[in-house]
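Small disclaimer: the values here were computed from a predicted structure and weren't measured. Excluded from the calculations below are hydrogen atoms, water molecules and symmetry mates; all remaining heavy atoms, backbone and side chain alike, are included.
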Amino acid sequence: MSASDPSVNVLIVGRGGREHALAWKLAQSSRVRRILVAPGNGGTGAMGGKVANIAIDEFDFVSLVACARREDVELVVVGPEAPLAAGLADACRAAGLACFGPSQSAAQLESSKAFAKAFMQRHNIPTARYAVFRDLGPALDHLHTVDFSVVIKASGLAAGKGVIIPASKAEAEQALRQMLSERIFGAAGDEVVIEERMDGPEASLLAFCDGKSIAIMPVAQDHKRVFDNDEGPNTGGMGAYAPAPIVTPSLLAEIRETILEPTNRGMAAEGRPFTGVLYAGLMLTNSGPRVIEFNCRFGDPETQVILPLLQSDLLEVLEACATGTLDRIDVTWKTGSAVAVVAASGGYPGDYAKGAEISGLAETSGINVFHAGTRKTPDGRTLTDGGRVLAVTGTGDTFAEARAHAYAGITKIHFTGMHYRRDIGAKAS
């Protein structure tokens, strides 16, 4: 790869809204010739032009590497956390392919909450008090010795749903039994973290990393609960907005100094330098910012509000991260705001049906609709194919304008069972 090369081919791995947003932004680069999305979704499949889906599963590393070589791919961009945790970035680099995404070792920041908590303890990164258990008996004993409210977390990857916030000790006991005995989260819950419950507003702070340097993105706020007023179970995210005004410039500087920089240095010092997106989920407590958890990739739906604000060429930023040259470029951002509202299938985050026809997509001209759980039929219809179906992103010079555009767009889209939150960004208004 070189800055003068006008014909870079990119392989994006993933099938969600995050990957659609990445393809959309990369397609704007004059240096990108082709973008393959494996396996993609109905939205990436309908983009045309530079972008095409390719039917390879995210975990078929042999076929992904072979495809990258066959199609002269210069950069592999891994979207989801699970392939990263399984070592896809390592497989790409072993094959001589530049890859945007952390190694399997570095991805432990997300794939093991137990590892992440111990890492933060080693490097004095502010977070909640915690204990880790693999057996129900000792976990229950510990629960009854603590004098604070707790959060129960599956240590492994659970698609954003492995966190239970109990309202009582009885509910906490039930959560432990569900994870350790009933295995409701499968292997992800073989190890659980009992953590002190922190209070305060949450924020998502993402940064581009090349193993040495970091470049911070606009702060976003996600809405995890499925229903308005932050009610109902946790989801993968029902909407987001950026930039979040709650994080002032002075607070951002504190977060960089006490959390992001120590994490970046600590990972390098431990022989697992972090390349890709370092995503800190933060609680803004009365005693300062604290890490709730780390993610090792772009957030979803945060990506859908962050990338529309990126002024720089995304290809150049991702290349710089993959080649250790992030300090040589300036990552610049537009003024204004972005708001994304997720349309979900009926029943999500529980059981839901697939195959409902989506109407109204053609009526959203001028507003970004990023597909997640969709698929195209041979006759050109778009059907639901997941829990979170799509995200409608509005942008504007002001937050109010961006929010109005997002909700104007989502009201034009319909499918059986569709539901979405009506209060995304309401607290920032």
Hey, does Arg256 have a side-chain heavy atom less than 4.5 Å from the side chain of Ile216? yes
Any side-chain donor near an acceptor of the partner, Thr393 and Gln304, under 3.5 Å: no
Closer than 4.0 angstrom, basic N to acidic O: yes or no for Glu191 and Lys113? no
Can Glu195 and Lys117 be said to form a salt bridge (charged side-chain N to carboxylate O under 4.0 Å, His left out), step by step? CA-CA 10 Å; Glu195 185 175 288; Lys117 297 294 285 191; 2.9 Å; yes
Taking Thr384 for its side chain and Gly355 for its backbone only, find out whether a donor-acceptor pair lies under 3.5 Å. yes
Are the charged groups of Arg290 and Asp199 less than 4.0 angstrom apart, N to O? no
Check this for me: does any side-chain nitrogen of one of Lys412 and Glu363 sit under 4.0 Å from a carboxylate oxygen of the other? no
Set out, in order, the CA-CA distance, both residues' side-chain angles and the distance that settles side-chain contact (heavy atoms from CB on, under 4.5 Å) for Val10 and Leu22, then state yes or no. CA-CA 11 Å; Val10 180; Leu22 285 164; over 6 Å; no
Between the main-chain N or O of Arg328 and the side-chain N or O of Thr325, is there a donor-acceptor pair closer than 3.5 Å? no
Donor-acceptor under 3.5 Å (Asp90 side chain, Gln104 main chain): yes
Using a 4.5 Å cut-off on heavy atoms from C-beta on, say whether the side chain of His20 contacts that of Met47. yes
Sub-4.5 Å side-chain heavy-atom contact between Phe370 and Thr303: no
Tell me the closest heavy-atom pair linking Tyr420 and Val342, and the distance in Å. CB-O, 3.1 Å
Hey, mind stepping through Glu19 and Glu58 against side-chain contact (heavy atoms from CB on, under 4.5 Å) and telling me if it holds? CA-CA 12 Å; Glu19 288 74 41; Glu58 301 103 310; over 6 Å; no
Parallel under 30°, tilted from 30 to 60°, perpendicular over 60°: which one fits the rings of Phe61 and Phe59? parallel
Stepwise side chain to side chain donor-acceptor pair (under 3.5 Å) check, Tyr279 with Glu293: CA-CA 9 Å; Tyr279 168 169; Glu293 63 184 18; over 6 Å; no
What distance do His371 atom NE2 and Thr382 atom OG1 have between them, rounded to the nearest 0.5 Å? 6.0 Å
For the pair Asp313 and Ser29, evaluate side chain to side chain donor-acceptor pair (under 3.5 Å) and give the outcome as yes or no after the intermediate values. CA-CA 6 Å; Asp313 184 325; Ser29 172; 2.8 Å; yes
Do you know the tightest heavy-atom contact between Cys209 and Leu278? SG-CB, 3.6 Å
Charged tip of Arg183 within 45° of Phe185 ring normal and under 6.0 Å: no
Looking only at side-chain N and O atoms, does Thr44 offer a donor or acceptor that is under 3.5 Å from a partner on Asn53? yes
Salt-bridge criterion met for Asp57 and Arg15 (N-O under 4.0 Å): yes
So, for Ala280 and Ile259, which heavy atoms are closest and what is the spacing to 0.1 Å? CB-CG2, 4.5 Å
Please determine whether side-chain contact (heavy atoms from CB on, under 4.5 Å) holds for the pair Met179 and Ile152, giving the CA-CA distance in whole Å, both sets of side-chain angles, and the decisive distance to 0.1 Å. CA-CA 9 Å; Met179 289 189 195; Ile152 310 296; 3.8 Å; yes
Would you please test Arg31 and Glu319 for salt bridge (charged side-chain N to carboxylate O under 4.0 Å, His left out) and show each step? CA-CA 12 Å; Arg31 292 183 50 233; Glu319 284 179 335; 3.0 Å; yes
side-chain hydrogen bond (donor to acceptor under 3.5 Å, both in side chains) partner of Asn9, chosen from Arg33, Arg34, Lys50: Arg33
Judged by atom type as modelled, is there a donor-acceptor pair below 3.5 Å linking the side chain of Thr374 to the main-chain atoms of Gly42? yes
4.5 Å side-chain heavy-atom contact, Leu75 and Leu315: yes
Donor-acceptor side-chain pairing of Asp330 and Thr332 below 3.5 angstrom: no
Tell me whether Arg297 is salt-bridged to Glu110, with the criterion being a basic N under 4.0 Å from an acidic carboxylate O. yes
Arg18 (side chain) donor-acceptor with Phe298 (main chain) under 3.5 angstrom: yes
Short N-O contact, Asp230 and Arg421, less than 4.0 angstrom: yes
Distance, nearest 0.5 Å, that separates OG of Ser204 from CD1 of Ile306: 7.5 Å
Could you tell me whether a side-chain N or O of Thr285 sits under 3.5 Å from a main-chain N or O of Pro289, the two making a donor and an acceptor? no
4.5 Å side-chain heavy-atom contact, Ser337 and Thr395: no
Using the side chain to side chain donor-acceptor pair (under 3.5 Å) rule, collect all pairs that involve residues 338-358, keeping only residues at least two apart or in two chains. none
Compare all side-chain heavy atoms of Met418 with those of Ile410 and state whether any distance is below 4.5 angstrom. yes
Looking at Asn41 and Gly373, would you say the former's side chain and the latter's main chain have a donor-acceptor pair under 3.5 Å? no
Is the backbone N or O of Gly425 less than 3.5 Å from a side-chain atom of His223, with the two atoms forming a donor-acceptor pair by type? yes
Using only heavy-atom distances, determine whether the side chains of Asp210 and Thr275 contain a donor-acceptor pair under 3.5 Å. no
Restricting to non-hydrogen atoms, name the atom on Gly189 and the atom on Ala154 that form the minimum distance, rounded to 0.1 Å. CA-CB, 3.9 Å
Within a strict 4.5 Å, meaning less than it, do heavy atoms of the Thr398 and Arg403 side chains meet? no
When rounded to the nearest 0.5 Å, the distance separating CG of Leu318 from CG of Leu26 is 5.5 Å
Tell me whether Glu173 is salt-bridged to Arg177, with the criterion being a basic N under 4.0 Å from an acidic carboxylate O. yes
For Ser63, check side-chain hydrogen bond (donor to acceptor under 3.5 Å, both in side chains) against everything at least two apart and list the hits. Asp60
What one should report as the nearest heavy-atom pair of Leu284 and Ala203 is CD1-CB, 4.4 Å
Return the OG to CG distance between Ser213 and Asp327, rounded to the nearest 0.5 Å. 4.0 Å
Donor-acceptor pair, Thr235 side chain versus Lys224 backbone, under 3.5 Å? yes
So, for Ala107 and Cys296, which heavy atoms are closest and what is the spacing to 0.1 Å? CB-SG, 3.9 Å
Would you list the atom pairs, donor with acceptor, under 3.5 Å between side chains in residues 240-251 and any protein atom, with sequence neighbours excluded?
residue	atom	partner	partner atom	Å
Tyr241	OH	Gln221	OE1	2.2
Thr248	OG1	Ser250	OG	3.2
Thr248	OG1	Leu251	N	3.2

Between Glu257 and Ala253, is there a donor-acceptor pair closer than 3.5 Å when you use the side chain of the first and the backbone of the second? no
Is it the case that the side chains of Ser103 and Ser105 hold a donor-acceptor pair, with the cut-off being a distance below 3.5 Å and no angle test? no
Is the shortest heavy-atom distance from the side chain of Arg422 to the side chain of Val341 under 4.5 Å? no
With rounding to the nearest 0.5 Å, note down the distance linking CZ in Phe274 to CD in Gln108. 12.0 Å
